[in-house]
Amino acid sequence: MTNKKAIIYVLAASAVLSTGCTRRQERSRNADKYDQWLESLTDSVAALQETQKLTEDSLTALYTGVDEMLRKFSYVDNPREVEGYTILSSRRGSYPLTRTGISARIAKSEDFEIIAVLSGGSFTHITLSDGTSTAGSATVPHDQGLNYRSGNLNTVLFSGPEADSIGMFVAKDPSRSITVAYGNRSERLQPSDAQMIAETWTLAKMRKDIRRMELSIPVISKKIDACRRKMEQRKEK
């Protein structure tokens, strides 16, 4: 074999070896990618299962908590009112208020509601303050529906995110001194009113948390099933 032929042979052999090495490296990289992908799905399933368990455990605790709290509440279905509501039993006799103050209840729709009353004046919104932070309602115009007058009393019903913010604000510490501004008139929130708001908002929030978690469990289960299907499909290829 001449030197020229030998060089060509060596180069060709090197090319074949190089191609073989490249293919082996590619297969190795693909195998590594598959292992990483499989591991990521396995980790995802484990994480989702842990989330599902924590959610179920939280639900069990919430069910117990709500059952205990409901013993302190009554459901009122008064034909003279638009719909029924849940209210703290100890304050049922003093509702609706006949003085300046705030009551709280849970509507049939499960929404938390604030009912504010001002004697000898009128207002369309309220703002609560503890001297450091504040929480305010939306503005409800006089309409003889949600904002109405009867004798010397102006009563306004507040709901929605702003009412929730008031409930949360009071529930942080209902024993602290809180001032309520009914428009441009301010009054101190009575301790009994603060306690009612705090307990009612806590029950309403727990119920909302239950609904949210109950809805999340099937979603988590579907995600787990989807991950497992992908793993099985990949293994079959």
Margin query: When you group the ILVMFWY residues by side-chain heavy-atom contacts below 4.5 Å and let the links chain together, are Tyr63 and Met206 in the same group?
Written below: yes
Arg92 to Tyr75 six-membered ring, cation-pi geometry met (6.0 Å, 45°): no
For a 4.5 angstrom cut-off between non-hydrogen side-chain atoms, does Ile106 reach Thr200? yes
Residues at least two apart in sequence or cross-chain that pass ring-ring contact (aromatic ring centres under 6.0 Å, His included) with Phe73, listed by chain then number, are none
### Task
Ignoring hydrogens and angles, tell me if any N or O in the side chain of Thr60 forms a donor-acceptor pair with the backbone of Glu56 under 3.5 Å.
yes
Original post:
Going hydrophobic residue to hydrophobic residue with side-chain gaps under 4.5 angstrom, can you get from Tyr95 over to Tyr148?
Top reply: no
Rounded to the nearest 0.5 Å, the CE atom of Met213 sits from the CG atom of Leu54 at a distance of 10.0 Å
Please report, to 0.1 Å, the donor-acceptor pairs under 3.5 Å made by any side chain of residues 111-119, with sequence neighbours excluded.
| from | atom 1 | to | atom 2 | distance (Å) |
| --- | --- | --- | --- | --- |
| Asp111 | OD2 | Ser109 | OG | 3.1 |
| Glu113 | OE1 | Arg105 | NE | 2.8 |
| Glu113 | OE1 | Arg105 | NH2 | 3.3 |
| Ser119 | OG | Asn152 | ND2 | 3.2 |

Note: Ile210 and Val66 closest approach over all heavy atoms is CD1-CG2, 3.7 Å
query: Same cluster or not: are Ile102 and Val76 linked, directly or through other Ile, Leu, Val, Met, Phe, Trp or Tyr residues, by side-chain heavy atoms under 4.5 angstrom apart?
result: yes
Using the six-membered ring wherever Trp is involved, compare the ring planes of Tyr182 and Phe123 and label them parallel, tilted or perpendicular (cut-offs 30° and 60°). perpendicular
Taken to the nearest 0.5 Å, the spacing of Trp201 CH2 from Glu199 CD works out to 13.0 Å
Taken to the nearest 0.5 Å, the spacing of Ser90 OG from Lys72 NZ works out to 7.5 Å
In terms of heavy-atom contacts, Phe169 and Leu128 come closest through CE2-CB, 3.8 Å
| field | Close side-chain approach of Leu203 to Leu88, heavy-atom, < 4.5 Å | value | no
Do the charged groups of Lys208 and Glu110 touch, with an N to O distance under 4.0 Å? no
Can a salt bridge be assigned to the pair Asp209 and Arg212 using a cut-off of 4.0 Å between side-chain N and carboxylate O? yes
Rounded to the nearest 0.5 angstrom, the CZ-CD distance for Arg229 and Glu232 is 11.0 Å
| said: Checking the side chain of Ser137 only, and the main-chain atoms of Ile126 only, is there a donor and an acceptor separated by less than 3.5 Å? | reply: yes
> Side chains of Thr51 and Lys53: does their closest heavy-atom pair fall under 4.5 Å?
Replying inline: no
- Task: Could you please spell out the steps behind the side-chain hydrogen bond (donor to acceptor under 3.5 Å, both in side chains) verdict for Thr179 and Ser186?
- Result: CA-CA 7 Å; Thr179 299; Ser186 296; over 6 Å; no
In terms of heavy-atom contacts, Gln195 and Pro174 come closest through OE1-CG, 3.7 Å
Between Ala198 and Ala171 the two heavy atoms that sit nearest each other are CB-CA, 3.8 Å
Side chain Arg91, main chain Ser192, donor-acceptor under 3.5 Å
yes
Is it the case that over 12 heavy atoms from other parts of the model lie below 6.0 angstrom from the NZ atom of Lys222? no
Worked verdict on Glu187 versus Arg185 for salt bridge (Lys or Arg N to Asp or Glu O under 4.0 Å):
CA-CA 7 Å; Glu187 300 278 346; Arg185 179 173 156 185; 3.2 Å; yes
Handout entry: Arg99 with Asp193: basic N within carboxylate O range, under 4.0 Å
Key = yes
The reported gap from CD1 in Ile178 to CZ in Arg188 (rounded to nearest 0.5 angstrom) is 9.0 Å
On a heavy-atom basis, the closest approach of Ser74 and Ser89 is OG-OG, 2.6 Å
If you group Ile, Leu, Val, Met, Phe, Trp and Tyr by side-chain heavy-atom gaps below 4.5 Å, do Leu59 and Met69 land in one group?
yes
Checklist entry - Same cluster or not: are Leu62 and Met168 linked, directly or through other Ile, Leu, Val, Met, Phe, Trp or Tyr residues, by side-chain heavy atoms under 4.5 angstrom apart? => result yes
Q. Just wondering, do Leu215 and Val219 contact through their side chains at under 4.5 Å, heavy atoms?
A. no
Residues 138-145 side chain polar contacts: donor-acceptor under 3.5 Å, at least two apart:
| from | atom 1 | to | atom 2 | distance (Å) |
| --- | --- | --- | --- | --- |
| His142 | ND1 | Asn147 | OD1 | 2.9 |
| His142 | ND1 | Asn147 | ND2 | 3.4 |
| His142 | NE2 | Arg149 | NH2 | 3.2 |
| Asp143 | OD1 | Gly145 | N | 2.7 |
| Asp143 | OD1 | Leu146 | N | 2.9 |
| Asp143 | OD1 | Asn147 | N | 3.0 |
| Gln144 | OE1 | Arg149 | N | 3.3 |

One should read off an interatomic distance between Asp77 CG and Thr86 OG1, to the nearest 0.5 angstrom, of 10.5 Å
Heavy atoms of Asp173 and Arg176 approach each other most closely as O-NH1, 2.8 Å
